[in-house]
Amino acid sequence: MKNRMFLLTAALLPLQANAETPLHALTISADTPEVSVGQREPGRGFLALPQLDYSFSLQPACADDWTAGRLSLSIADSRIYIDPAALDASASSVEAKLSVPARQLAPLPLSGFCEAAMPADEPAGDLSNGEPVIAAGQSLKITAALSAHAALLCESEDQQRMTYVTKALDINLVCDPQ
């Protein structure tokens, strides 16, 4: 019987601790940058990404009687810190921009996008004259290509709590053979 009571007590302690912890939240939305891709050789290969520039809208929210102390945002090795003065209670969202240099980005494995393909049998009236055909303007969305990590520090008179959020970031590839 004592073992059962001990197990029940051990199971309920985390619930009591969570009930006393105030709710803090951080919501992130990001735009999707567009990357122009030149003509590629057929077959599977890697696409080296250029510098990517992201714009973010951050909505930090600390519980009542708590204030937002610090906010940081990072992608790969690039990081920005939002000034605590910008986090006052009257602002519902904070806008931020973060650029990620190409050297911090891994190449994307890519096959079949913006590749030159020779027409098999040209139908009459085809103007390609045996030249490679490329679908210019073709686009491809790479979902969750990168991730952004944000941390919000909320402070009260005698406590500090950190809230962490991760946001998957997309990239739009656009075929531009020129």
Side-chain angles (χ1 to χ4, degrees), residues 1-37 46-111 113 139-174:
M1 180 71 172
K2 288 183 181 180
N3 287 341
R4 288 183 190 162
M5 288 300 285
F6 176 74
L7 291 174
L8 181 60
T9 303
L12 293 177
L13 280 176
L15 295 176
Q16 180 184 4
N18 285 339
E20 295 173 3
T21 303
L23 295 177
H24 307 295
L26 177 59
T27 306
I28 303 173
S29 58
D31 68 347
T32 302
E34 199 167 272
V35 175
S36 181
V37 178
F46 289 92
L47 174 68
L49 293 170
Q51 174 176 307
L52 296 177
D53 300 318
Y54 282 93
S55 294
F56 293 90
S57 179
L58 306 157
Q59 292 84 33
C62 293
D64 292 339
D65 299 327
W66 290 70
T67 59
R70 282 178 261 158
L71 177 60
S72 68
L73 178 68
S74 66
I75 304 172
D77 289 335
S78 297
R79 177 178 310 272
I80 59 170
Y81 296 96
I82 309 297
D83 181 21
L87 301 175
D88 66 13
S90 64
S92 62
S93 72
V94 177
E95 304 301 316
K97 293 186 182 294
L98 184 58
S99 295
V100 185
R103 69 180 178 277
Q104 294 180 8
L105 302 170
L108 289 176
L110 196 59
S111 177
F113 180 76
S139 65
L140 175 65
K141 184 175 190 174
I142 307 294
T143 57
L146 300 168
S147 60
H149 305 278
L152 169 66
L153 177 68
C154 292
E155 301 173 320
S156 70
E157 288 183 17
D158 58 347
Q159 294 181 347
Q160 294 182 333
R161 295 275 192 262
M162 189 70 78
T163 301
Y164 298 98
V165 176
T166 299
K167 168 82 172 153
L169 301 174
D170 303 334
I171 303 171
N172 280 332
L173 304 179
V174 177

### Query
For the atom pair CG (Leu173) and NZ (Lys141), what is the distance rounded to the nearest 0.5 Å?
11.5 Å

#### Entry: Over all atoms of both residues, closest heavy-atom pair of Gln160 and Leu153
CB-CD1, 3.8 Å

### Message
On a heavy-atom basis, which atom in Ala96 and which in Ile82 lie closest, and how many Å separate them?
### Response
CB-CD1, 4.0 Å

### Message
Would the distance check show the side chain of Asp53 and the main-chain N or O of Ser99 forming a donor-acceptor pair, the cut-off being under 3.5 Å?
### Response
no

### Query
Where is the tightest heavy-atom contact between Leu58 and Pro60, given as atom of each residue plus distance?
O-CD, 3.3 Å

## Note on the structure
What one should report as the nearest heavy-atom pair of Leu73 and Leu98 is O-CD2, 4.1 Å

### Message
Around atom CG of Asp83, are there more than 12 heavy atoms from other residues, nucleotides or ligands closer than 6.0 Å?
### Response
yes

### Message
Quick one, Leu52 with Ile171, criterion side chain to side chain contact (heavy atoms under 4.5 Å, CB included). Give me CA distance, side-chain angles, the key distance, then yes/no.
### Response
CA-CA 9 Å; Leu52 296 177; Ile171 303 171; 3.6 Å; yes

### Task
For the pair Ser57 and Gln59, evaluate side chain to side chain donor-acceptor pair (under 3.5 Å) and give the outcome as yes or no after the intermediate values.
CA-CA 7 Å; Ser57 179; Gln59 292 84 33; 2.8 Å; yes

### Query
Within the side chain of Asp170, is there an N or O that forms a donor-acceptor pair under 3.5 Å with the backbone of Ala144?
yes

### Task
Mind checking the CZ-SG spacing from Arg70 to Cys154? Nearest 0.5 Å is all I need.
11.5 Å

### Task
Go through Val37 and Leu140 one step at a time and tell me if the side chain to side chain contact (heavy atoms under 4.5 Å, CB included) criterion holds.
CA-CA 10 Å; Val37 178; Leu140 175 65; over 6 Å; no

### Atom pair CG (Leu26) and CE (Met162), whose distance is rounded to the nearest 0.5 Å
11.0 Å

### Message
Is the shortest side-chain heavy-atom distance between Val35 and Asn172 below 4.5 Å?
### Response
no

### Query
Checking side chain to side chain contact (heavy atoms under 4.5 Å, CB included) for the pair Leu146/Leu105: CA distance, chi angles, key distance, verdict?
CA-CA 9 Å; Leu146 300 168; Leu105 302 170; 3.7 Å; yes

### Query
From Gln159 CD over to Asp65 CG, what is the distance, rounded to the nearest 0.5 angstrom?
11.5 Å

### Message
Under the criterion side chain to side chain donor-acceptor pair (under 3.5 Å), I'd like the reasoning laid out for Glu95 against Ser55: C-alpha separation, chi angles, the key distance, then a yes or no.
### Response
CA-CA 7 Å; Glu95 304 301 316; Ser55 294; over 6 Å; no

### side chain to side chain donor-acceptor pair (under 3.5 Å) between His149 and Thr166, worked out
CA-CA 5 Å; His149 305 278; Thr166 299; 3.2 Å; yes

### Task
Give, for atom OG of Ser93 and atom CD1 of Ile28, the distance between the pair rounded to the nearest 0.5 Å.
13.0 Å

#### Entry: side chain to side chain contact (heavy atoms under 4.5 Å, CB included) between Phe56 and Ile75, worked out
CA-CA 12 Å; Phe56 293 90; Ile75 304 172; 3.7 Å; yes

### Task
Measure across Ala63 and Leu23 and return the closest heavy-atom pair with its distance rounded to 0.1 Å.
CB-O, 3.3 Å

### Task
Would you name the heavy atoms of Pro50 and Ala102 that are closest together and state the gap between them?
C-CB, 3.8 Å

### Message
Main chain of Trp66, side chain of Glu155: is a donor-acceptor contact present, judged purely on distance under 3.5 Å?
### Response
no

